[in-house]
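Since this is a predicted model, take the numbers as computed values, not measurements.
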Amino acid sequence: MNQAISPELLVEAYKNIATSTIGHVLDQGHVPYVFPLSPEQRLVGIVRTARLHTRNASQLRQVLLACQPNEVLLIDARSDLQRACWGEQRSIAAIHCGLAGVVVLGAITDRQALSRLKLPVFAHSVSCLTTRNEGESLVEMDIAIEINQFIVQSGDLLIGDADGVFVLTPELAIHYLPQFQQLEQAEKMKKDHFFKQERIDEYYF
């Protein structure tokens, strides 16, 4: 695999790789207990990290304005897991800024409204208890985030689907891409061969 592959080409390549395919090979990079708002949502993009330290999350506006189009904003909100820092208005702002999606290590709110928007949103949980514009707002950007004994940094590759989330360094993503592509192709061939002999409508709705 060409070590000079661009981030854009890496993102495109991983749009055809399921997280469960990665999970057949790697433990490192798995983000536990984070799932999309709906099973149809899928997300692949370059990470931009942020960490929320306070109940006031208003500084996330500056973070959004600093993000580049097609990035995935990964917010570490584990300082208060029961309080949602992300909802409908911030999702609308993220769409306006051109983000590919948002992953919250914590809670989100406005579940019904978010499900109608085009922005993929992944999170630990949903909560009606929210952040408030009271006191100081402290949000760090482009910081290293430790998850499950590995470090996530801005510039890493995030892959998310109905089965969960993986974050890989560009080096790991490039190194394992041929193996993941081979696994995907083998799985497709196995399924195609089976349904040449069986009626597919007897197995799928």
Side-chain angles (χ1 to χ4, degrees), residues 1-52 60 63-64 66-78 86 91 94-95 97-106 108 118-124 139-188:
M1 176 63 62
N2 182 4
Q3 296 298 311
I5 184 172
S6 69
E8 294 77 15
L9 288 176
L10 199 58
V11 168
E12 285 302 312
Y14 270 85
K15 286 181 178 179
N16 298 311
I17 306 297
T19 57
S20 57
T21 297
I22 302 172
H24 278 303
V25 179
L26 295 176
D27 290 344
Q28 181 182 354
H30 175 238
V31 182
Y33 314 121
V34 174
F35 299 99
L37 197 60
S38 65
E40 294 78 17
Q41 291 182 334
R42 177 167 174 79
L43 177 57
V44 182
I46 303 302
V47 169
R48 178 63 68 100
T49 64
R51 179 181 289 127
L52 177 62
L60 284 175
V63 171
L64 282 171
C67 287
Q68 297 299 309
N70 298 315
E71 286 186 328
V72 175
L73 179 58
L74 190 153
I75 303 169
D76 185 356
R78 291 175 293 181
W86 194 270
S91 283
I95 293 170
C97 292
L99 263 66
V102 176
V103 176
V104 180
L105 306 180
I108 58 172
K118 295 181 177 180
L119 184 77
V121 176
F122 288 62
H124 280 311
V139 180
E140 291 182 286
M141 189 172 179
D142 292 327
I143 43 85
I145 297 175
E146 183 175 353
I147 307 172
N148 207 24
Q149 299 182 330
F150 73 97
I151 301 297
V152 175
Q153 301 188 78
S154 294
D156 288 345
L157 179 72
L158 185 142
I159 309 98
D161 58 26
D163 294 323
V165 172
F166 264 93
V167 179
L168 305 177
T169 64
E171 294 76 18
L172 273 179
I174 291 169
H175 176 77
Y176 282 101
L177 179 58
Q179 184 175 355
F180 295 151
Q181 290 173 328
Q182 289 170 9
L183 286 172
E184 289 282 354
Q185 183 62 24
E187 185 71 15
K188 181 180 184 302

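Applying side-chain contact (heavy atoms from CB on, under 4.5 Å) to Thr169 and the options Leu157, Val152, Asp156 leaves one that passes, Asp156.
Of the possible polar contacts, one joining the Asp76 side chain to the Arg78 backbone as a donor-acceptor pair under 3.5 Å is found. When atom types are taken as modelled, the side chain of Ser154 and the backbone of Thr49 share a donor-acceptor pair closer than 3.5 angstrom. Using modelled atom types, one side-chain atom of Glu71 and one backbone atom of Gln68 make a donor-acceptor pair closer than 3.5 Å.
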| query | How far apart are the C-alpha atoms of Ile159 and Ile17, what are their side-chain angles, what is the distance that settles it, and do they pass the side-chain contact (heavy atoms from CB on, under 4.5 Å) test? | reply | CA-CA 8 Å; Ile159 309 98; Ile17 306 297; 5.6 Å; no

| request: Please step through side-chain contact (heavy atoms from CB on, under 4.5 Å) for the pair Leu43 and Val72, ending with a clear verdict. | output: CA-CA 8 Å; Leu43 177 57; Val72 175; 3.7 Å; yes

| request: Would you check, one step at a time, whether the test side-chain contact (heavy atoms from CB on, under 4.5 Å) holds for Ile108 with Val121? | output: CA-CA 9 Å; Ile108 58 172; Val121 176; 3.9 Å; yes

| query | How far apart are the C-alpha atoms of Val167 and Val103, what are their side-chain angles, what is the distance that settles it, and do they pass the side-chain contact (heavy atoms from CB on, under 4.5 Å) test? | reply | CA-CA 11 Å; Val167 179; Val103 176; over 6 Å; no

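In this structure, the side chains of Leu105 and Ile145 come closer than 4.5 Å at one or more pairs of heavy atoms. Between Phe150 and Val31, the closest side-chain pair of non-hydrogen atoms falls below 4.5 Å. His124 is not listed as a side-chain neighbour of Val104, based on a closest heavy-atom distance of 4.5 Å or more.
Of all heavy-atom pairs spanning Cys67 and Leu73, the tightest one is SG-CD1, 4.2 Å. Contact record, Gly155 with Pro170: O-CG, 3.5 Å, taken as the closest heavy-atom pair. A pairwise comparison of heavy atoms in Pro32 and Ile147 identifies CD-CG2, 4.0 Å as the closest pair. When all heavy atoms are compared, the tightest approach of Ala123 to Gly106 is CB-O, 3.7 Å. Across all non-hydrogen atoms, the minimal contact from Trp86 to Ala94 is CZ2-CB, 3.9 Å. Of all non-hydrogen atoms in Val63 and Ala50, the two that sit nearest each other are CG1-CB, 4.1 Å.
Legend: salt bridge (charged side-chain N to carboxylate O under 4.0 Å, His left out) pairs involving residues 26-47, not counting sequence neighbours, sorted by first then second residue: Arg42-Asp161.
The neighbour count for Glu187 CD, taken as heavy atoms of other residues, nucleotides or ligands under 6.0 Å away, does not exceed 12. For CD of Glu184, the number of neighbouring non-hydrogen atoms (other residues, nucleotides, ligands) closer than 6.0 Å is greater than 12.
If you take NZ on Lys188 and CG on Leu183, they are separated by 15.5 Å, rounding to the nearest 0.5 Å. With values rounded to the nearest 0.5 angstrom, Leu177 atom CG is found 10.0 Å from Gln182 atom CD. Note that CG of Leu158 is 11.0 Å distant from CZ of Phe166, once rounded to the nearest 0.5 Å. Of the inter-residue distances, the one linking Asn70 atom CG with Arg48 atom CZ reads 12.5 Å to the nearest 0.5 angstrom. Between the CG atom in Leu119 and the CD atom in Gln41 there is a gap of 7.5 Å [rounded to 0.5 Å].
Between Phe180 and Tyr14, the ring planes lie perpendicular to each other; the angle is over 60°, past the 30° to 60° tilted range.
Side-chain contact of Asp163 with Thr19: a donor-acceptor pair under 3.5 Å is absent, judged by distance alone.
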